[in-house]
Amino acid sequence: MDPVGFAPLTGRFYRWVIVGGMAALLPRALRRRVAGAVGNGALREDVLMKLMLAGRSFRRRLPIPPTYTDEQVRELSVPVQVLMGARSAVHDAQAVAARLAEIAPS
């Protein structure tokens with residue numbers, strides 16, 4: 001899981017979601033081969049694919065999380081550990097780490 005809110009969601013993230021959604025509709029054998037190419041290991045999990053297909057008709061509200069401002073990050077009064085994936089689909093982890101290192105309270 002990648003933390004959101006430290007950078008705006010990018011086109012790269014939306015492309016990953018769309019490509020992953022389309023790949024989830026492929027036949028099982030092909031879907032499993034495509035999983036690595038699209039960077040989505042969940043495509044290899046048959047139980048998750050069944051759950052996804054069952055939930056297709058469920059309509060949910062998915063608000064886009066706001067990005068924390070520099071001031072909001074500086075106002076943190078407790079220690080915070082932020083863990084990010086090096087190959088994040090959500091954001092550029094190195095850019096977020098650099099931003100947080102620059103603005104985080106010492």
At what distance, to the nearest 0.5 angstrom, does [atom1] of [X] lie from [atom2] of [Y]?
X: Gln72; Y: Thr67; atom1: CD; atom2: OG1; value: 9.5 Å
X: Glu71; Y: Ile103; atom1: CD; atom2: CD1; value: 9.5 Å
X: Tyr68; Y: Leu100; atom1: OH; atom2: CG; value: 11.0 Å
X: Thr10; Y: His91; atom1: OG1; atom2: NE2; value: 9.5 Å

Donor-acceptor pair, side chain of Glu102 and main chain of Arg99, under 3.5 angstrom: no
Does Arg31 use its side chain to pair, donor to acceptor, with the backbone of Leu43 at less than 3.5 Å?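 A pair under 3.5 Å: yes.
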Can you hop from Val19 to Val17 via hydrophobic side chains spaced under 4.5 Å?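 Per the 4.5 Å side-chain linkage, Val19 and Val17 are not co-clustered.
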With a 4.5 Å cut-off on side-chain heavy atoms, are Met52 and Leu48 touching?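 Leu48 vs Met52: side chains apart.
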State, with a plain yes or no, whether a side-chain heavy atom of Ser88 is found less than 4.5 Å away from one of Val96.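 A side-chain contact under 4.5 Å is absent here.
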Can you give me every donor-acceptor pair (side chain of residues 32-40, partner residue at least two apart or in another chain, under 3.5 Å) with its distance?
residue, atom, partner, partner atom, Å
Arg32, NH2, Arg44, O, 3.3
Arg32, NH2, Asp46, OD2, 3.0
Asn40, OD1, Ala42, N, 3.2

Under 3.5 Å, which donor-acceptor pairs link side chains of residues 76-85 to any protein atom two or more places apart or in another chain?
none

Minimal heavy-atom distance between Met49 and Ala24, with the atoms involved, is SD-CB, 3.7 Å
